[in-house]
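What follows is one structure encoded as structure tokens, with my remarks underneath.
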Amino acid sequence: MNPDTKAPNQPFKEPNIPQKFLKPYDPATTEDAIYQGWIDSGYFNPDNLPERHKVPFSIVLPPPNVTGILHMGSAFMVAIEDVMVRYARMKGFKTLWIPGTDHAAIATQSKVETEIYKKEGKRRHDLGREELLRRINEFASQSHDSIVHQLKKIGASLDWSREAYTLDNKRNFAVRTAFKKMYDDGIIYRGYRVVNWDPKGQTTISDDEIVYTEGKGKFYTFKYSKDFPISIATTRPETKVGDTGVAVHPDDPRYKALIGKEYDIDFAGEKIHVKIVGDMEVNPEFGTGAVGVTPAHSHVDYEIARRHDLPIVPVINEYAKMSVASSLLAGKKTTEAREIVVAWLKEQGLLEKEEEIPQNLSTAERTGGIVEPLPKLQWFVNVNKKIADRGNRTLKELMLDAVRKDGIKIIPENFERVYLHWIENLRDWCISRQIWFGHRIPVWYKTDVSGKEEIFCGLEAPSGDDWKQDEDTLDTWFSSGLWTFSTLGWPEETSDFKTYHPTTVLETGYDILPFWVARMILMSQYILGTIPFNTVYFHGIVRDEQGRKISKSLGNNIDPVDMAAKYGADAVRMGLIIGTGPGNDSKIGESKIKGYKNFANKVWNITRFVLSSTEGLSVDKSFAAWSEKDTALTIELDALMAEITKEMDEYKLYLVGEKLYHYVWHNFADAILEESKAVFASGTEAERLSRQQFLLHTLERTLRALHPFMPFVTEEIWKDMPVPGKLPLIIETWPS
RNA sequence: GCGCCUUUAGCUCAGUUGGUAGAGCAGCUCAUUUACACUGAGAAGGUCGGGGGUUCAAGUCCCUCAAGGCGCACCA
């Protein structure tokens, strides 16, 4: 012993309690070791849980996209789920929480392509399929590693031994199996239809991947030619060279007599052939009451053309340029062509009216490209086909029944209506994408000697050399739709699959209700004939302190890991959870998180007080000599525990967190601890003993109740709690 | 156009079968070698968006209006 080292001068006469409690709680030096301890214990894996954990509880982590790092929104999600999971584990469920990441096809590929183009000036075809995929996979793997690191920092008790990736081999096998089943059942079909084409990303996208932005457009009223009997109106004059019909309401007295007539017209340098048709969908009140039908470049017009057998004439190509022959328009961008056509109309004296109107612009969610409707040969999922072994119900009906009849419970309830409303508007789902990063479509083609194309769909390539696999990949949500069961080993009949499916709860953001939640229900209902989860819990969007969306351009992002490093993961979790009910957006700022760091320290100091005033004692479960006052306090605490247990079962985590915070700080610390000082100073021997036991019991119970919310500080304190026969807190029982 | 949500203290939000308005933060006034300053005590602060109805009783149920936010669809 160095003689210079003196015992530190303590203001408070410290008994022999662990040294660590003499300093403020420091999350930075404890959290990593605690997490490692949990990993080493193996308790994240339900196979390692003790005997009492029998009834399964399962939940999948909504797999973060491998497009970068986690933001506050993901931390929010992880915090909520970890509370659910830790609660279930303490309640004695055989608890499984499966981690994973999502390859996020278009999002990831376009991000990497943009980077490469910025740095090297190269585009996808300059690199080739193999090299581009190598680069994307490299990027995805880095993102994956930082995401995993972040999840651990927040304290997520995920079973890492079961980690999955939407694009790994097992999930690829699941995708192929699902695709083949749907193909064989005629649910998946290939069709030439107008789809949403993203000229920037050079791929089709689904209806849900379109973002509408408000803008202004010009609305032109004109005639095709001087001799044409009807004026039409449009915001896109350049597409009119692709018109093959004019639709009017069948009962419109102005036009009724013209229905069925056909015209050959010279229009802006193109020869077009137009037939007048009567269609109920046309609103006689709008515009001139007549629609110029451009089947190739409008979803609505395409439907009209189908009903009246009008030909489809594409006039715009994949690069949003005119594909017509005339020197006037050939090769022009659509925006240039529009001006040329308008000028031509003016010159010919055909333009009757030009007015400004508000108009929504359709852009691709991931690339920002302006979506161009184009006719293309693509793969679709038919949502209206009756399925024999699902009681002759369609996919739409299966999706509706999942919530209406088959018992999926949605929290908060009002999202049930949002879900049903979305499904009622659902059209066939275009699942093929012209990008390279994703699950390749398991279909092969061969052209025989007579020039006829053969199609083969299978789990593996067919034998023979002349088969060529479809170049396209699948929409990323196709593989995510299988997530609740592909992560459990399906299509193999694994014991995980049999034990944990349907999963207990799905917790996710309401913003991906249509993309993901609906598709998981679709896939599970169709493929397995069961719902994928019993309960859906939706959380909202995390906003900044002023209520603005977190965005790069605003620079208002707060990194959850930075916050955890500064204030502790427990504080970040509490800040995210408290004050936010399901389905509500939440506001998070540094000050809120800071407040809960103080709370963690409060719990720490309560422990210091309790341990130092109960030295030599341990929690005595059989203690019965309670004072009158302590009996009353115990009854009060019993009531609180019963109340929060009920609320936990109803997923009202935000209430429980707040109530525990309030009880621990303002009842236990401010009132009970203060009063105890008097008891210890002047109470009788029996009163003192009763109070000592009460403090120990109460601390012990509140630590257990707080554990799901603040796992790190509670586990750290628990190590020094005088509780006979204690287990690690993570597998201790929930207090009742 | 169809639909959903929100409106309660300065700010953020609780308030679950209708029964006297709640918490946190901020602000204000005190306390100051205390288990803890990452502290404690206290006071102040609301005609629960407006109007109407049901009821013995409405923040809560019904109708209506207003403001704000969001989703879906989109008419050429």
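A, B, ... follow the sequence lines: proteins, then strands. Residue 1 opens every chain. Quick note: numbers below take in every heavy atom, side chains included, and nothing from hydrogens, waters or symmetry partners.
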Mind checking who [N] pairs with, Watson-Crick or G-U wobble, both distances under 3.5 Å?
N     : value
B:U20 : none
B:C30 : B:G40
B:U54 : none
B:U60 : none
B:C2  : B:G71

Subject >> Atom pair distance, as rounded to whole Å: CD1 in A:Ile210 and P in B:A73 >> reply: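 Nearest whole value for this atom pair: 8 Å.
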**OP:** Rounded to the nearest angstrom, tell me the gap between atom CG in A:Asn425 and atom C1' in B:G71.
**Re:** 11 Å
Original post:
What orientation do A:Tyr661 and A:Trp665 show, parallel under 30°, tilted 30 to 60°, or perpendicular over 60°?
Top reply: tilted
Original post:
Looking across every strand, which nucleic acid part, if any, lies under 4.0 Å from A:Asn414 by heavy atom: base, sugar-phosphate, or nothing?
Top reply: sugar-phosphate
Original post:
At under 4.0 Å between heavy atoms, what does A:His666 touch on the DNA or RNA strands: base, sugar-phosphate, or nothing?
Top reply: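 Sugar-phosphate only.
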**OP:** Tell me whether the centres of the aromatic rings in A:Phe219 and A:Phe286 are closer together than 6.0 Å.
**Re:**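 Yes, the ring of A:Phe219 comes within the 6.0 Å limit of the ring of A:Phe286, centre to centre.
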**OP:** May I ask you to evaluate whether A:Tyr25 reaches the phosphate of B:C38, defined as a side-chain N or O under 4.0 Å from OP1 or OP2?
**Re:** no
Original post:
When you check the phosphate oxygens OP1 and OP2 of B:C36, does a side-chain N or O of A:Arg608 lie under 4.0 Å from one of them?
Top reply: yes
Subject >> Residues A:Thr30 and A:Glu716: side-chain donor-acceptor under 3.5 angstrom >> reply: no
Original post:
If we take the P atom in both B:A9 and B:A14, what is their distance in whole Å?
Top reply: 13 Å
**OP:** Give, for atom CG of A:Asp309 and atom NZ of A:Lys275, the distance between the pair rounded to the nearest 0.5 Å.
**Re:**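 So the gap between those two atoms works out to 7.5 Å.
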